[in-house]
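Working notes, beginning with the structure itself.
Just so it is clear: chains get the letters A, B, ... in the order the sequence lines come, proteins before strands, and each one is counted from 1. This is a predicted model, so every value here is computed, not measured.
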Number of protein chains: 2
Amino acid sequence: MSDKSGLRVDAERNRQQILVAAEELFLERGAGVPLDEVAKRAKVGIGTLYRRFPTREELLAATSNERFLSLAEASQARDADHDPGAAIRAYLEELALNTSTYQSLAASLGTVVECGTPGCNAITAEGNRLLRRAQEAGAVHADVTFADFIYVVSAISIALEKDNSPKTRVIHLVDLFLSGIIVR
Amino acid sequence: MSDKSGLRVDAERNRQQILVAAEELFLERGAGVPLDEVAKRAKVGIGTLYRRFPTREELLAATSNERFLSLAEASQARDADHDPGAAIRAYLEELALNTSTYQSLAASLGTVVECGTPGCNAITAEGNRLLRRAQEAGAVHADVTFADFIYVVSAISIALEKDNSPKTRVIHLVDLFLSGIIVR
DNA sequence: TTTAAAATGGAGGAACCCTCCATTTCATTT
DNA sequence: AAATGAAATGGAGGGTTCCTCCATTTTAAA
């Protein structure tokens, strides 16, 4: 009998082991860790890993899934308290911090976020919602796109990785994006 | 006799051949092209290439050197005509366009710009000068740093690479950073 | 010419990637 | 509970790129 994932139970067990091993190794050594080692720690053949996650990005997307889900939920929960601009600020800050979880996840963010897992879909939908609402309220320029958000978050995360900066730097960089560098 | 580079003439000749080959291949196939192929096109052993340019970044910095030099000069030439804010805008736009010359140069911009070649020094000095001047004139927030410029340009260039966007997109993204996304 | 310092090239070991398929395991049918 | 076929497995192996190392060659000074 197969459970709801549609995988055989042995396959599903291995899938979980791969996810656990990947999560650990990404945390320890960054998102570029050799996949052979992920397979080894998961006690699974490398072929099995590739069968389940054909690309590194898909594996990254899978390990990010829950984090993205809870980010999206947290953003919705904040909704009532904040004005549109503040909601976007909080969303961007949290996404940037999350993207700094693994060294060199940032470079893949654009791809990862399009991967179609529930978490990726949720975080994308939420970002689009916040953006649309802020634009309807006239709080954000009409020519800003969700893609701009992703680029900005990637840039900020890359910056963070490089000099291993504190959280305050995220706030500075998000501010920069939101307010512009020019005094007026 | 050695010329001013301090290299033996055969070594200097090979260095030039490597630079020419690298420039060609980076343009054709991006900044990640195998270095063996650069060596082959330069008609030089791979060992010679590594002796002269121990890392890919150093080779990138060397091929970017003249471009950076002329960008810095052009920026200084614009100086008279523009107000501080416009000078920065032009500087960022040109640097972003230049950084999109080779596919995947963007990711290395931060490292490349610190490489110490004359061109890297010139572009850094010029950026710092523009920034300081704008800040003294009160046109740019005091907490903006030159590192922010580099992050911004990287983000823009990564965006450009991804969807192979037209120049108008550079302008949009630079505007975003200069003015912020929030209406006021 | 001689000499030694500088430069060379490319073989080869290591790291990582990813495919392929002979074998094993699971779930269903009889 | 035995048989059956679909699903899953693992890891050998071929490919790519990296980078070091050193026996040989080239240059330039003595």
Taking only nitrogen or oxygen atoms into account, show me every contact under 3.5 Å that the protein makes with nucleotides 17-22 of chain D, one pair per line with its distance.
residue : atom : partner : partner atom : Å
D/dC18  : OP1  : B/Arg56 : NH2          : 2.3
D/dC18  : OP2  : B/Leu35 : N            : 2.9
D/dC18  : OP2  : B/Asp36 : OD1          : 3.4
D/dC19  : OP2  : B/Tyr50 : OH           : 2.9

Take the protein atom [atom1] of [X] and the nucleotide atom [atom2] of [N], then report the distance between them rounded to whole Å.
X       : N      : atom1 : atom2 : result
B/Glu12 : D/dT27 : CD    : C1'   : 15 Å
B/Lys43 : C/dG10 : NZ    : P     : 12 Å
B/Arg15 : C/dT8  : CZ    : P     : 12 Å
A/Leu49 : C/dT19 : CG    : P     : 12 Å
A/Glu58 : C/dC17 : CD    : C1'   : 16 Å
A/Lys40 : C/dC17 : NZ    : C1'   : 15 Å
A/Asp10 : C/dT28 : CG    : P     : 12 Å
A/Leu7  : D/dT9  : CG    : C1'   : 14 Å

(request) In sequence, state the C-alpha distance, the side-chain angles, and the governing distance for A/Tyr151 and B/Ile156, and then conclude on side-chain contact (heavy atoms from CB on, under 4.5 Å). (result) CA-CA 7 Å; A/Tyr151 296 139; B/Ile156 292 175; over 6 Å; no
(message) Let's see if you can work this out: which of D/dT9, D/dA28, C/dT8 has an atom nearest to the side-chain heavy atoms of B/Val9?
(response) D/dA28
(request) Only counting residues at least two apart or in another chain, list the ones meeting salt bridge (Lys or Arg N to Asp or Glu O under 4.0 Å) with B/Glu73. (result) none
(message) Please determine whether residues B/Ile18 and B/Leu27 belong to a single hydrophobic cluster, defined as Ile, Leu, Val, Met, Phe, Trp and Tyr linked transitively by side-chain heavy-atom distances below 4.5 Å.
(response) yes
(message) Against A/Val174, only a single residue in A/Glu94, A/Arg169, A/Arg89 fulfils side chain to side chain contact (heavy atoms under 4.5 Å, CB included); can you say which?
(response) A/Arg89
(request) Please check the phosphate of D/dT9 (OP1 and OP2 only) for any side-chain N or O of A/Asn14 closer than 4.0 Å. (result) yes
(request) Classify the ring geometry between A/Phe177 and A/Phe149 as parallel (under 30°), tilted (30 to 60°) or perpendicular (over 60°). (result) perpendicular
(request) Test for a donor-acceptor pair under 3.5 Å between the base of D/dA7 and the side chain of A/Arg8, counting only N and O atoms. (result) yes
(message) Applying side-chain hydrogen bond (donor to acceptor under 3.5 Å, both in side chains) to B/Asp175 and A/His141, what does each step give before you reach the verdict?
(response) CA-CA 11 Å; B/Asp175 268 0; A/His141 293 295; over 6 Å; no
(message) Looking only at side-chain N and O atoms, does B/Tyr102 offer a donor or acceptor that is under 3.5 Å from a partner on B/Glu28?
(response) no
